[in-house]
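Numbers restart at 1 for each chain; the letters A, B, ... are given by sequence-line order, proteins then strands. For the numbers below, each heavy atom of this structure counts, side chains included, while hydrogens, waters and symmetry mates do not. Keep in mind the model is a prediction, meaning the values are calculated, not measured.
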Number of protein chains: 2
Amino acid sequence: MANLKQIAAELSLSVTTVSRALKDGPEVHPSTVARVKEVANRVGYVPDHHGRALKTGRTMTLTAVLPMETSDYLSDLAKLPLIEGMTLAARQTGYSLSIYSTTPDDDPVESMRRLLQARSADGLIITRMVSGDPRIKLLLDQGIPFVTFGRTDVDAAYPYVDIDNEQIAYDATRRLMGKGCRRIALQLLVAKDQASAARLKGYQRAMAEAGLPIDQSLIGHGTFTMESSAAWFDRLLASSDPPTGLACANELGLLGALHALGRRGLEPGRDVHIVTRDNTRLSRFLPANIGVHSIDMAAVGHKLIELLEDRIANPLGSVATVLFEGEFDPGEQVGPEEVGVSQILKK
Amino acid sequence: MANLKQIAAELSLSVTTVSRALKDGPEVHPSTVARVKEVANRVGYVPDHHGRALKTGRTMTLTAVLPMETSDYLSDLAKLPLIEGMTLAARQTGYSLSIYSTTPDDDPVESMRRLLQARSADGLIITRMVSGDPRIKLLLDQGIPFVTFGRTDVDAAYPYVDIDNEQIAYDATRRLMGKGCRRIALQLLVAKDQASAARLKGYQRAMAEAGLPIDQSLIGHGTFTMESSAAWFDRLLASSDPPTGLACANELGLLGALHALGRRGLEPGRDVHIVTRDNTRLSRFLPANIGVHSIDMAAVGHKLIELLEDRIANPLGSVATVLFEGEFDPGEQVGPEEVGVSQILKK
DNA sequence: TTAGGAAATCGTAACGTTACGATTGCAGCG
DNA sequence: CGCTGCAATCGTAACGTTACGATTTCCTAA
């Protein structure tokens, strides 16, 4: 209930002076500042979001646009540490984080328009970038600060945080080759998105360098839940020339694949070699011999917010980009040659 | 950029009339309503959140206060479908959902005070209830609508959504007894919170009814990540009189326990019987014989938002409470007698 | 023809904040 | 003693919206 007017009345000061005192304005006498702060503290004054937003245009809210799965099954656990990292980072600097979920039915551009119109955020985080993503132009035109999670092939400069999916897929494929695999299956999360495209590119590069043919039937697209992954991999195992290596999209894809293997009495590391992305370190606890690559998604979330706040503070500054490489679990050798294992933040 | 003033100017109307027309006020002529809406639509008008909030006090924002893990490891995957359910439900009715994360260092009451002062939400969802939770009194005093996820022993009426933890733990314990277990280990997530207390109560009731003694050393408290769960269960297995049954707190606790078992060459369903809570259905895909109880957390999130919106619309109405029971995976028999397996929503 | 009244529209104020220019009080100086 | 200049404080307006009462328009009935 406490507002500037009440504090001003209590101290027989003007609202203006109180407002200035609370932000240590140099125009107001130090002893007055102290008195004001004492009262503000006592009555538990916190500036009203909306009054301030209306006047300054700043809302102290950041919005993350996240795709939500509508199926019964989860498909991406990494979103949880990502959200945690973002909310904590935002809170540290006085921002609050709002989650705007989009469903597969939504038109991404149209729902973004709505979001922009409501002017309820100082900045946006957008994810699931697609090739030539139209949202980037829209956001640049509107002049609202934003950071994307994932790069895309758009002819414009914008800040992003990305995962070096191409390199990771390349390394993963070479690891499998190092175990002697020649027929390597690849799980891709969503057909159109930029992350999957990058993974595919890394896979293709590794295969081409090794002179191995690419069998399209070994490349799986789709939202891999545990169930669909199990069904997909089971189908591959049932074929006349089954894969001997598999690169999983994430921990849930892995669980599905392991399930399919188990049903056939096959073992990872013996019958089929597996490398997986796993940002929750869940696969470390499975009794299975698997190569694991993980990224600290909370750090990614942190970085996204950090870049966004930089952008808000300095909208015309140079565009920062960060690439996360993550690391393969130590103790494993990559095939032909070593790959770097340290987490690199490249500006 | 579009606001009421611009629309009014374009149509040579007053701002008041435009405002009324847009919400189908009976005072304004139908043809005017049509003209106004046409223009509003064309320029993509969306009411400014803050202007409206300042005037009406309604922000169209709901805030969920969620504890965030600060360790490297996840400890509660169920939060993800919960968040998904809440954001989707909120969006359906025009609300947006803001996530306010608290860390273990935070004073729950103090950070709640801050949150209330900022008046940035029309209602709150709070979680991780503790015995005699002081936040309830604070919220009731402030008169802000809220719904808790979890009941607690406070002498006041408030709306909540809860999981019937006591019954679930009771049933789980009896299931293990049905497999012949007499020494049953119990994993509890957080010592003080209400959910763990209820689980403990269900466990104790089942043990008492069966005339079995309770060994405190078999009851584990703490934030069970995969690692800590593995360490804890390993210690139990190493003891002179190890447990033959285990009720896990969640899927991650399960993975840790399975890891501990695997290292000793033991098998679930043979050497130790395991029942677990698993709201992600992850354990179904593990090659292990485990009893699984799951709850549709997205539905829980949905319900939380629904009750909160009811509360906002009707702050003085009767207090609604919902209890989720979830279900054990079908095909398994409980020990001495059957337990109900259907999901029951009890008002 | 005009008073009465309903229908439609308008003007003003207010929510809480901040920006900006105006005003006050006072010490120092010629 | 009056003026200048600075430090401290104040007053007003505005952000976009809505509530409420005032005002205009226009139709109907005496």
Side-chain angles (χ1 to χ4, degrees), chain A residues 1-37 39-40 43-61 94 96 114 116-122 144, chain B residues 1-37 39-40 43-61 94 96 114-122 143-144:
Chain A
M1 286 286 189
N3 58 19
L4 290 184
K5 202 192 280 184
Q6 287 171 25
I7 297 177
E10 179 160 346
L11 290 166
S12 301
L13 284 172
S14 73
V15 170
T16 304
T17 304
V18 173
S19 172
R20 280 176 170 155
L22 286 174
K23 56 172 78 71
D24 284 312
E27 314 97 326
V28 34
H29 196 278
S31 72
T32 309
V33 171
R35 279 192 307 148
V36 169
K37 285 193 173 175
V39 174
V43 300
Y45 171 79
V46 174
D48 181 285
H49 253 72
H50 306 289
R52 170 181 284 177
L54 195 53
K55 182 60 186 156
T56 63
R58 298 195 57 187
T59 65
M60 296 310 281
T61 295
S96 69
R114 289 254 175 83
L116 292 176
Q117 265 293 327
R119 275 180 233 81
S120 49
D122 291 340
I144 186 169
Chain B
M1 286 286 189
N3 57 18
L4 289 183
K5 201 194 281 184
Q6 287 171 25
I7 297 176
E10 178 160 347
L11 290 166
S12 302
L13 285 172
S14 73
V15 171
T16 305
T17 304
V18 173
S19 173
R20 282 177 168 155
L22 286 174
K23 57 172 75 72
D24 286 312
E27 312 98 327
V28 33
H29 196 278
S31 73
T32 309
V33 171
R35 279 192 307 148
V36 168
K37 285 193 172 173
V39 174
V43 300
Y45 172 79
V46 174
D48 181 286
H49 254 73
H50 306 291
R52 170 180 285 175
L54 195 54
K55 180 62 186 156
T56 63
R58 298 195 56 186
T59 67
M60 297 309 280
T61 295
S96 70
R114 290 254 175 84
L115 201 55
L116 292 175
Q117 264 294 326
R119 276 181 230 78
S120 50
D122 291 340
I144 186 169

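- Here C/dG16 presents its P atom at 7 Å from CG of A/Asp48, a figure rounded to the nearest Å.
- In this entry the distance linking CZ of B/Arg20 with C1' of D/dA22 reads 11 Å, nearest Å.
- For B/Thr16 and B/His50, each mapped to the nucleotide of DNA chain D holding its nearest heavy atom, the one lying further toward the 5' end belongs to B/His50.
- Of the candidate nucleotides C/dA19, C/dC10, D/dA8, C/dC10 has the atom nearest to the side chain of B/Ser14.
- Atoms NZ (A/Lys55) and C1' (C/dT18) sit 5 Å apart, rounded to a whole Å.
- Atom CD of B/Gln6 is separated from atom P of D/dG16 by 8 Å (rounded to the nearest Å).
- Two residues, B/Ser12 and B/Thr56, neighbour DNA chain C, and the one matched to the more 5' nucleotide by heavy-atom proximity is B/Ser12.
- Distances shown here put a side-chain N or O of A/Lys23 below 4.0 Å from the OP1 or OP2 atom of C/dT18.
- Closest approach of B/Arg52 and B/Pro47 over heavy atoms only: NH2-CG, 3.4 Å.
- The side chain of B/Arg52 contributes an N or O atom lying less than 4.0 Å from OP1 or OP2 of D/dT18.
- For A/Val15, the listed nucleotide lying nearest its side chain is C/dT18; candidates were C/dT18, C/dG16, D/dT17.
- The side chain of B/Lys5 sits closest to D/dC15 out of D/dC15, C/dT9, D/dT17.
- Listed here is the closest heavy atom pair of A/Ala8 and A/Val15: CB-N, 3.8 Å.
- Counting heavy atoms from C-beta outward, B/Leu13 and B/Arg35 have side chains that approach closer than 4.5 Å.
- At D/dC10, one or more side-chain N or O atoms of A/Thr17 fall inside 4.0 Å of OP1 or OP2 (strictly under the cut-off).
- Residue A/Ser19 places at least one side-chain N or O closer than 4.0 Å to OP1 or OP2 of C/dT18.
- Here B/His50 contributes atom NE2 and A/Asp48 contributes atom CG; the two are 10.5 Å apart, rounded to the nearest 0.5 Å.
- As rounded to whole Å, 24 Å separates atom P of D/dA14 from atom CZ of A/Arg58.
- Taking only side-chain atoms of A/Tyr45, from C-beta outward, the nucleotide of C/dT17, D/dC15, C/dT9 with the closest atom is C/dT17.
- Across the interface with DNA chain C, nearest-nucleotide mapping of A/Gly51 and B/Arg35 shows B/Arg35 to be the residue nearer the 5′ end.
- Per the geometry, NE2 belonging to B/His29 stands 5 Å off P belonging to C/dA8, to the nearest Å.
- Heavy atoms of A/Ser31 sit nowhere under 4.0 angstrom from any nucleic acid atom.
- The listed nucleotides are D/dT17, C/dA8, D/dT9; the one nearest the side chain of B/Asn3 is D/dT17.
- Following rounding to the nearest Å, B/His49 (NE2) and C/dG16 (P) show an atom-to-atom distance of 19 Å.
- With distances taken from any side-chain atom of B/Leu54 to the nucleotides C/dA8, D/dG21, D/dG16, the minimum falls on D/dG16.
- Atom CD1 of A/Ile7 is separated from atom C1' of C/dG16 by 12 Å (rounded to the nearest Å).
- Of all nucleotides listed (D/dC10, C/dG16, C/dT9), C/dT9 comes nearest to the side chain of B/Leu13.
- Between the A/Thr61 side chain and the A/Ala121 main chain, no donor and acceptor come within less than 3.5 Å of each other.
- When the side-chain nitrogen and oxygen atoms of B/Thr32 are compared with OP1 and OP2 of C/dT9, one or more of them lie within a distance under 4.0 Å.
- In this structure, B/Leu4 and B/Ser19 approach most closely via the heavy-atom pair CD1-CB, 3.8 Å.
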